[in-house]
Asker: 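Encoded as structure tokens, here's the structure I'll be asking about.
Convention: sequence-line order gives letters A, B, ...; per-chain numbering from 1.
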Amino acid sequence: MGTLATKYDPREVEGKWYEYWERHGLFHSEPDGREPYTIVIPPPNVTGVLHMGHMLNNTIQDILVRRARMDGKNALWVPGTDHASIATEAKVVKRLAEQGISKRSLTREEFLKHAWDWTHEHGGIILKQLRRLGASCDWDRTAFTMDEKRSESVLRVFVDLFEKGYIYRGLRMVNWDPKAQTALSTEEVIHRDEKSKLYYLRYYVANDDLTGETGQEGEIVHRDAQGRRYAVVATTRPETIMGDTAMCINPKDPKNQWLRGKRVIVPLVGRVIDVIEDHYVDVEFGTGCLKVTPAHDTNDYMLGRTHNLETIDIFNPDGTIGPASPLYVGMDRMDCRKQIVVDLEAAGLLEKVEDYENKVGYSERNPDTAVEPRLCMQWFLKMKHFAEIALPPVMNDELKFYPPKYKNTYRAWLENIQDWCISRQLWWGHRIPAYFLPTAEGEEERYVVAMNEEQALAKARALPGYENITADQLRHDEDALDTWFSSWLWPVSLFDGINHPGNAEISYYYPTADLVTGPDIIFFWVARMIMAGYEFAGDMPFRNVYFTGIVRDKLGRKMSKSLGNSPDPIGLIDRFGADGVRMGMMLSAPAGNDILFDEALCEQGRNFNNKIWNAFRLVKGWQVSDDVEQPEHSRLAVEWFGQVLNATLAEVKDLFSKFRLNEALMAVYRLFWEEFSAWYLEVVKPAYEHPIDRATLDATWHYFDTLLRLLHPFMPFITEELWQHIGEHADGDSIMTARIPEAGQVNESLLAAMAQAKEIVGGVRNVRKSKNLPPREALTLQVVGQLDNPFKPIICKLGGLEAIAEVEAKEATAASFLVGTLELAVPLGNNINVEEELAKLEADLAYARGFLATVEKKLSNERFVANAPEAVVAGERKKQADALSRIETLTAAIAALKQ
RNA sequence: GGGCGCUUAGCUCAGCUGGUUCAGAGCACCUGCCUUACAAGCAGGGGGUCGGCGGUUCGAAUCCGUCAGCGCCCACCA
């Protein structure tokens, strides 16, 4: 260990031990006879870099897996990365654009080559960073959602679900991301409140004779200066009027009765459209007139289907105005909105504009891009069956959520589940294994679904009329699958349970134990893994789900690049050490609550490292002598600390079982700092340059060893470093695989006695401080009456006492204090300040009398005495007796002092 | 518009099935100490009528109702 610096330096230690653990294969797991404990990592994006959310999440996983390992389980943490279809493709497209290459100028194969290059270049950085954190992943098993086994799994599952009739293809209104130019699932749309405008547009009545009726009672008829009648339509999206194919009113709307059966003219466009009637229209909203654009609004699409309306898609896939529009072709939709408002106004077709707040859907991956409802052909997975198999186990707690409040969220989603749009118009991802067959013009499309071209060909040839089809006549679907269509298989596919059901690995490691992830992906990932788990492995994918919170800054703001409030995790590790940062993360991370990250917490973690380090230095520096007999105070301290340790071992075990890891850490923290360092070590510490006895030293090392084990899951590096220096260890030994002992029976009375002893010591220290007595001056402690406490020698040592005297009355010139009902006093001779002492005693007396009054009031309440349980009443009577006794003591003390 | 959750010390939180482990912890703060393990430390200390109001009860931080504030999730009113 070299020289023992007064400060712990993690930099010398952390890399060394991580390399040691890897070299000795300590992270690796193989099935054996032990109970398995398995965690699969939520795979980070392959080209991502570590952020604070990962730090929290992976610290928790590492704590759980290290603890399980030390509980004797065969612990396995499987790492891997996600191909992150849409996110990665976006990055690659962006980089190509920077090089002046457009995606469209490349073939699929060329593009994928670039994407793989990028993946190999930037991929896996995050896995290296996890090593800095101390993550004890079995790196031999590192997987990728698009590696061979996982890809085969995905295709197999697609074919299987298609054959089961759960996958279908259809023309549907989907959420379209014009930037990524792909369809999205409903879950990938983020709705945000937005301040926008409500535009009121004039739709003139077609072929209006200016002498038309003026309107019945309750009708609202608009006329311009020339007397021409028009309807007013309120819309937030005036740029879509080029796609209007009807106007709709509610047949029961009195103010718009006059529009029934009329035709109106779309402003600027000039197209004449029918006024249709549907109860869908809200009479109260706007003017009660709704423009219907079936191609660009989900509701309008429904109306269009009901009323057989024409559908005019005025947009290009990239969100610019397309050739189907009579106006503004080529203009971006957002620019078009501005321009059309100007033009409408100029044409006198804009009635008014109001401020308006509404929700706009944005793409989860391109947060600045508003999602466009778009009608197109996509692949869908029917979800009803999956919702039915995934809901019960969570609701009846076979599969537990921590915290349980997320059960509600989960249920609400499953009970209102929509079919999952699984196709993406992307190249980076698993290509949909569908093969289209040649068909005649106008004939409905035909396709086969198969694992590969060969099988597809065989399937195709089995179809009547296609007996002689050749491979080059098959057209492989261009689309890729949603990323989550591979990650929902993760807990199964990692053990190759899709391709080889029932193999030795899946049988042993599945179901996994705990999943640690954020609640933001409860639908994307957690729910779907539960579905896939039951469907493809016949059982739950994990027994418990621990939902972490979101990491925010100390002001409660989300961490973001633009705010610059997101610290670089590796930088933090450099400054505070991985152990310090891990502790900083955990100190304020109750399950499910957002954590307000503050660097000060890492500092606290670092300080704790230093505390452990210095405690170690102290014990390491002791000289042992077999000639020294064990002092009584040391013997007692050893006995007592064993009990505290037992109690904490039990407490921590219980807290782990409830995933209350921050409380478990706090329990260990206090055990080490308060009980072990401030009390135990202070008692057994030999006088300067005096040796320690063998029995106490052995016990102390034993305790230190156990404390390090308890701490190891939280702070793996420093604990390994110190543990290696306790006793003899062979190369390859590690605290990682040492066991955390089971708690023995706790002797509560010893703990209570020590609590009293600590209070007495505190009282003496108080006297010493308030009277300015030097720390080394030996004092005598008087106890009025009897002190029935086994730890008197400890009280003497820590109080700096030469004697504890049990007396009938304390000396008049003594500084007294109470512990419970017991009066204790330190004689001060001439040092006493009578006035001060009197004032203190009077204050105590007043408090005791007030306390007595409240107790007696309670006891004089007949209904209390009659109704409350006996134990409670007895408790009150004891309080009463104690208070009376205390008052007596205080009164006597005051009287004595006054003489 | 529906649903869920939260509100306890300056900050972050714990307080399970109502009553001596009921008002707690860590940090921060104040006071005194460079006492040969540690000033990244030691010893001591102050601080909350448990969001407001009402109810149930002998008794409420804890149960019920209500109001206020905050947060999250879901939802096709343009």
Asker: Please state the P separation for the pair B:rC77 and B:rG2 - nearest whole angstrom.
Answerer: 13 Å
Asker: For the pair made of CD1 in A:Ile276 and C1' in B:rA78, what is the distance, rounded to whole Å?
Answerer: 13 Å
Asker: Keeping A:Asp579 on the side-chain end and A:Phe717 on the backbone end, is there a donor-acceptor pair under 3.5 Å?
Answerer: yes
Asker: Between A:Tyr669 and B:rC27, is there a side-chain N or O to OP1/OP2 distance below 4.0 Å?
Answerer: yes
Asker: What contact category does A:Lys554 fall into here, base, sugar-phosphate, or nothing, at under 4.0 angstrom with non-hydrogen atoms?
Answerer: nothing
Asker: Checking base pairs now: Watson-Crick or wobble, both atom distances under 3.5 Å. What partners B:rA68?
Answerer: B:rU7
Asker: Would you call B:rU62 syn or anti, using the 90° rule around 0?
Answerer: anti
Asker: Confirm from the modelled atom types if A:Glu682 and B:rA37 form a donor-acceptor pair under 3.5 Å, side chain to base only.
Answerer: yes
Asker: Sticking with atom P, work out how far B:rG55 lies from B:rG10, rounded to a whole angstrom.
Answerer: 29 Å
Asker: Under 4.0 angstrom, heavy atoms only, what part of the nucleic acid is A:Thr235 near: base, sugar-phosphate, or nothing?
Answerer: sugar-phosphate
Asker: Expressed as a whole number of Å, how far does the C1' atom of B:rG18 sit from that of B:rA60?
Answerer: 6 Å
Asker: In sequence, state the C-alpha distance, the side-chain angles, and the governing distance for A:Phe401 and A:Phe547, and then conclude on ring pair (Phe, Tyr, Trp, His ring centres under 6.0 Å).
Answerer: CA-CA 8 Å; A:Phe401 280 10; A:Phe547 288 107; 5.3 Å; yes
Asker: Applying a 4.0 Å non-hydrogen cut-off, can you work out what A:Lys291 is touching in the nucleic acid: base, sugar-phosphate, or nothing?
Answerer: nothing
Asker: Just call it for A:Arg660: base, sugar-phosphate, or nothing, with non-hydrogen atoms closer than 4.0 Å on any strand.
Answerer: sugar-phosphate
Asker: Under a 3.5 Å limit for both distances, which nucleotide forms a Watson-Crick or G-U wobble pair with B:rC76, could you say?
Answerer: none
Asker: In whole Å, what separates the P atom of B:rU62 from that of B:rA23?
Answerer: 15 Å
Asker: Hey, does A:Trp622 reach any base, or is it just sugar-phosphate, or nothing, if we go heavy atoms under 4.0 Å?
Answerer: nothing
Asker: Is it the case that B:rU31 (base atoms only) and A:Lys769 (side chain only) share a donor and an acceptor within less than 3.5 Å, ignoring hydrogens and angles?
Answerer: yes
Asker: Could you check how far CZ of A:Arg606 sits from P of B:rG41, rounded to whole Å?
Answerer: 8 Å
Asker: Both conditions, 6.0 Å and 45 degrees, for the charged tip of A:Arg606 above the ring of A:Phe576: are they met here?
Answerer: no
Asker: Can a donor-acceptor pair be found between the side chains of A:Glu651 and A:Thr648 at a distance below 3.5 Å?
Answerer: no
Asker: Whether A:Asn766 contacts B:rG45 is assessed here as follows: a side-chain N or O lying under 4.0 Å from the phosphate OP1 or OP2. Is that the case?
Answerer: yes
Asker: Check every atom of B:rA14, B:rG5, B:rG44 against the side chain of A:Lys405 and return the nucleotide holding the closest atom.
Answerer: B:rG5
